[in-house]
Amino acid sequence: MPELPEVEVVRRGLERWVAGRTIEDVEVLHPRAVRRHPAGGVDFAARLRGETVGVPQRRGKYLWLPLAGRDLSVLGHLGMSGQLLVQPADAPDEKHLRIRVRFDDAAGTELRFVDQRTFGGLSLHDNTPDGLPDVIAHIARDPLDPLFDEAAYHLALRAKRSTVKRALLDQSLISGVGNIYADEALWRARLHYERPTATLTRPRSAELLGHVRDVMNAALAVGGTSFDSLYVNVNGESGYFDRSLDAYGREDEPCRRCGTPMRRRPWMNRSSYFCPRCQRLPRVVS
Ligand SMILES: [Zn+2]
């Protein structure tokens with residue numbers, strides 16, 4: 001599943017390659033890819049015809065294409081294996097091509113939604129007054145958003161009867177932080193993933209948030225990371241960069257700070273990677 005930096009890389013690619021282009025035709029090749037559009041593929045295609053794509057937007061891991069001059073957006077669900085590719089119109093169809101969007105210009109490229117497992121898809125939504133597709137109105141701003149309310153976040157975090165990793169993945173508090181970047185930021189902050197949020201002082205939670213931003217920005221700088229070989233960015237290039245990970249996927253490898261073998265523990269149907277020496281739970285929780 002792509003994380004925020006990968007989705008931002010895709011968004012930037014779409015901004016470069018499809019913003020401002022007018023849709024000539026949409027071809028839905030698999031009904032599951034438009035199952036979130038209840039009126040179906042024919043309606044989906046008819047409503048997009050003649051519309052112009054605005055500047056692609058992202059919040060957390062959600063990505064959407066606003067339609068210029070309309071209070072409507074096309075929301076992209078990448079799911080586990082979804083890809084948005086900009087391809088030359090004469091390139092052979094991908095085996096798992098689900099939706100094709102042609103444009104009425106001479107640029108020679110088209111937008112393709114390719115998805116092997118068909119958990120993802122595209123759907124059309126009304127916008128909220130803030131310009132968000134209505135179905136994601138409850139998603140909090142992400143830490144790279146200039147309007148992210150940091151003071152409110154620290155207060156909400158301390159008030160929450162939760163543990164720190166759970167809170168990092170709570171999309172109503174902060175969006176876009178997935179398992180990989182949570183483990184990386186917790187390692188950098190020397191915090192155990194089960195640390196109760198109520199025990200975090202304001203400076204500690206501010207430090208943690210700083211690490212979350214740093215790991216995401218580092219990933220963005222190299223084009224995002226991904227652990228799903230099916231995932232590639234909008235130009236079809238993989239953004240794999242596991243060499244720079246300090247915690248995630250490093251079970252039994254030495255901690256890059258203290259040399260202690262890293263551990264992996266099952267956590268909410270996933271895994272948590274941590275250093276048992278640098279990231280201890282406080283003995284007394286007060
Ligand atoms: Zn360590």
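Since the structure is predicted, the reported quantities are computational estimates derived from the model, not experimental observations.
Here the shortest heavy-atom pairing between Leu200 and Arg204 reads CD2-CB, 4.2 Å. What you find for Ala156 and Leu173 is that their closest heavy atoms are CB-CD2, 3.5 Å. Closest non-hydrogen pair, Arg21 versus Ala107, comes out as NH2-CB, 3.3 Å. Closest heavy-atom contact between Glu110 and Val101: CB-O, 3.3 Å. Across all their heavy atoms, Ile174 and Ala167 have their closest contact at CG2-O, 3.9 Å. When every heavy atom of Pro143 is checked against every heavy atom of Val212, the shortest pair comes out as CG-CG1, 3.9 Å.
Separating the CD atom in Glu251 from the OG atom in Ser271 is a distance of 8.0 Å, to the nearest 0.5 Å. The line from OG1 of Thr163 to CG of Leu168 is 9.5 Å long, rounded to the nearest 0.5 Å. Between the CG atom in Leu186 and the OH atom in Tyr181 there is a gap of 14.5 Å [rounded to 0.5 Å].
Residues Arg100 and Asp25 fail the side-chain proximity criterion, which asks for heavy atoms closer than 4.5 Å. Side-chain contact between Asp115 and His30: absent, with no pair of heavy atoms (C-beta onward) separated by less than 4.5 Å. The closest side-chain heavy-atom distance from Val34 to Asp43 is not below 4.5 Å. Asp246 places a side-chain heavy atom less than 4.5 Å from the side chain of Arg188. Looking only at side-chain heavy atoms (C-beta outward), Arg59 and Val7 stay at 4.5 Å or farther from each other. With contacts defined as side-chain heavy-atom distances shorter than 4.5 Å, the pair Arg250/Arg256 qualifies. In this structure, the side chains of Arg36 and Leu75 stay at 4.5 Å or more apart for every pair of heavy atoms. With a 4.5 Å cut-off on side-chain heavy atoms, Asp134 and His125 count as touching.
Checking Lys165, Arg265, Arg264 one by one against Ser272, the side-chain hydrogen bond (donor to acceptor under 3.5 Å, both in side chains) holds for a single residue, Lys165. Each of Phe274, Tyr273, Trp267, Trp187 was checked for a ring-ring contact (aromatic ring centres under 6.0 Å, His included) with His192, and the lone residue meeting it is Phe274.
When hydrophobic clusters are built by joining Ile, Leu, Val, Met, Phe, Trp and Tyr residues whose side-chain heavy atoms come closer than 4.5 Å, directly or via intermediates, Val10 is not grouped with Tyr62.
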**OP:** Give the intermediate values and the outcome of side-chain contact (heavy atoms from CB on, under 4.5 Å) for residues Leu84 and Leu63.
**Re:** CA-CA 11 Å; Leu84 281 162; Leu63 175 69; 3.8 Å; yes
**OP:** I would like to know whether Leu111 and Phe103 meet side-chain contact (heavy atoms from CB on, under 4.5 Å); could you show each step before the answer?
**Re:** CA-CA 8 Å; Leu111 178 64; Phe103 299 96; 4.0 Å; yes
Original post:
Could you go step by step and tell me if Gln83 and Glu94 meet the side-chain hydrogen bond (donor to acceptor under 3.5 Å, both in side chains) rule?
Top reply: CA-CA 11 Å; Gln83 299 166 256; Glu94 291 74 14; over 6 Å; no
